[in-house]
Amino acid sequence: MDVEERMELATRNAVEVVTEDELREILETKERPVAYVGFEPSGKIHLGHKLVIDKMVDLQKAGFKVKILLADLHGYLNEKGSLEEVRETAEYNKRCFVAMGLDPKDTEFVLGSEFQLEPDYALDVYKMARHTTMKRARRSMDMIARREENPPVSQVVYPLMQALDIVHLGVDLAVGGLEQRKIHMLARDVLPKLGYEPPTCLHTPIIHGLDGDEKMSSSKGNFIAVDDDPDTIREKIMKAYCPMKETEGNPILELYRYFIFREYDEVTIERPEKYGGDVTYGSYEELERDYAAGEIHPLDLKENAARYMAEILAPVRRRLGVEA
RNA sequence: CCGGCCGCAGCUCAGUCUGGUAGAGCGCGGGACUGUAGAUCCCGUGGUCCCGGGUUCAAAUCCCGGCGGCCGGACCA
């Protein structure tokens, strides 16, 4: 695979790379570059997580060594539960990630508290604190903080640690959803002041909640979990926000764009003869164009999305050992 | 440490003064209308009234003591 092919694989379905030149240089010069993403342990692993995990699978194929941070301390700092509870959830998450297609032999899972309590790391946290304003730290948590009113101090420690994770894990490429952008930019600005290289960052899109909300999230219950059974998937999709001809912020179209066309080269919208019969598409753009033109009805879009998503997630359920 | 205000449905809050069957909006669920959802209109769901004691026939309400939050003051060695 040449560098351009690896670039293509690394950046597909991504919103941005900061910067593309840096990424290309990594691919050209590093023998075995390291890509990392961190997750706060979550009781439900959903499609928002899958988007990022899929990206890590891409990066693995593009030659990266992949590290997944199970950020137990971050979860604790962000009030996701006691340390014990958060660690238990982290174990479940690890099993989900493996079931989602990350090769466990080729992926390094790291529990945050394994290295974040070391003296060298702790001193770096204080140095970061010394070079970061309160406003900047709080702003970086805009899309991440569990609580906006009465935030505990832990919420400004959080982004400092996340920046340091990048250097202490020896990472070449930091990956995350677009909501991580402000923390990553903070890392690029401040890490050099501690004598570290500014990290290269890659951001995946934030997918809309099924209710049309800006973000799919466990707390809002507007998600499809990777271990949802086919009936649940169908039920959720049927109830989802999906205005006719509307392509902006349409969560069902996003399923096609980011998940269905990722798995299938050709996608068939099956529908009754009276509504025009089956149609097959070779790319998301063609489907989107027809939907915008009103050629595809939302109900047909949903019925078929449900069928495809159940198919895509079936292996995850099987590997997790859940009844089908 | 002192003072003021606050704590009630998943959320925002009313009700406390003057004790008497716990409310509204939003959300959520279901129906109607749509070949989807949403919008709209109906119907429904909603509770440790922060905790513990006390007074009373009766306490979300009054009294005492805690806990938690916000704001202010004091201390500034």
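Per chain, numbering begins at 1; letters A, B, ... match sequence-line order. Bear in mind the structure is a predicted one, so any value in this text is a computation, not a measurement.
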Minimum heavy-atom distance A/Val226-A/Met100, with the two atoms named: CG1-CE, 3.9 Å
B/C62 and B/G4, which share atom name P, separated by this distance in whole Å: 15 Å
Rounded C1' spacing from B/U21 to B/G25 in Å: 23 Å
G-U wobble or Watson-Crick pairing nucleotide for B/A24 (cut-off 3.5 Å, both distances): B/U12
Under 4.0 Å protein heavy-atom contact, by nucleotide of nucleotides 34-40 of chain B - B base, S sugar-phosphate only: -BBB---
Parallel, tilted or perpendicular: ring planes of A/Phe115 versus A/His168, cut at 30 and 60 degrees: parallel
Other cluster members, A/Tyr275 - Ile/Leu/Val/Met/Phe/Trp/Tyr, side-chain contacts below 4.5 Å: none
Interatomic distance at C1', B/G23 relative to B/A14, whole Å: 7 Å
Span that lies between the C1' atom of B/G7 and that of B/U12, in whole angstrom: 14 Å
For A/Lys220, all residues meeting side-chain hydrogen bond (donor to acceptor under 3.5 Å, both in side chains), sequence neighbours excluded: A/Asp213
B/G38 pairs with, by Watson-Crick or G-U criteria that keep both distances under 3.5 Å: none
Pairwise P distance for B/G52 and B/G46, with rounding to whole Å: 24 Å
For B/C1, the Watson-Crick or wobble counterpart (both distances under 3.5 Å): B/G73
Base-pairing mate for B/G68 - Watson-Crick or G-U, with both contacts under 3.5 Å: B/C6
Sorted by number, the residues of residues 42-50 of chain A with heavy-atom contact under 4.0 Å to RNA chain B: none
Nearest-Å distance once atom C1' is located in both B/G38 and B/U48: 37 Å
A/Glu285: partners by side-chain hydrogen bond (donor to acceptor under 3.5 Å, both in side chains), with sequence neighbours left out: none
B/C8 versus B/C50 - spacing of their C1' atoms, nearest Å: 10 Å
Whole-angstrom distance between B/C49 and B/A39, as gauged at atom P: 32 Å
Atom pair OG1/CD of A/Thr280 and A/Glu266 - distance to nearest 0.5 Å: 6.0 Å
Salt bridge A/Arg139-A/Asp142, side-chain N to carboxylate O under 4.0 Å: no
For B/G19, the Watson-Crick or wobble partner whose two distances fall under 3.5 Å: none
Side-chain donor-acceptor contact under 3.5 Å, A/Tyr258 with A/Glu254: no
Pairs of donor and acceptor atoms involving the side chains of residues 189-198 of chain A, under 3.5 Å and at least two apart or interchain, shall be tabulated with distances.
residue, atom, partner, partner atom, Å
A/Asp189, OD2, A/Arg136, NH1, 3.1
A/Asp189, OD2, A/Arg136, NH2, 3.0
A/Tyr196, OH, A/Asp124, OD2, 2.6

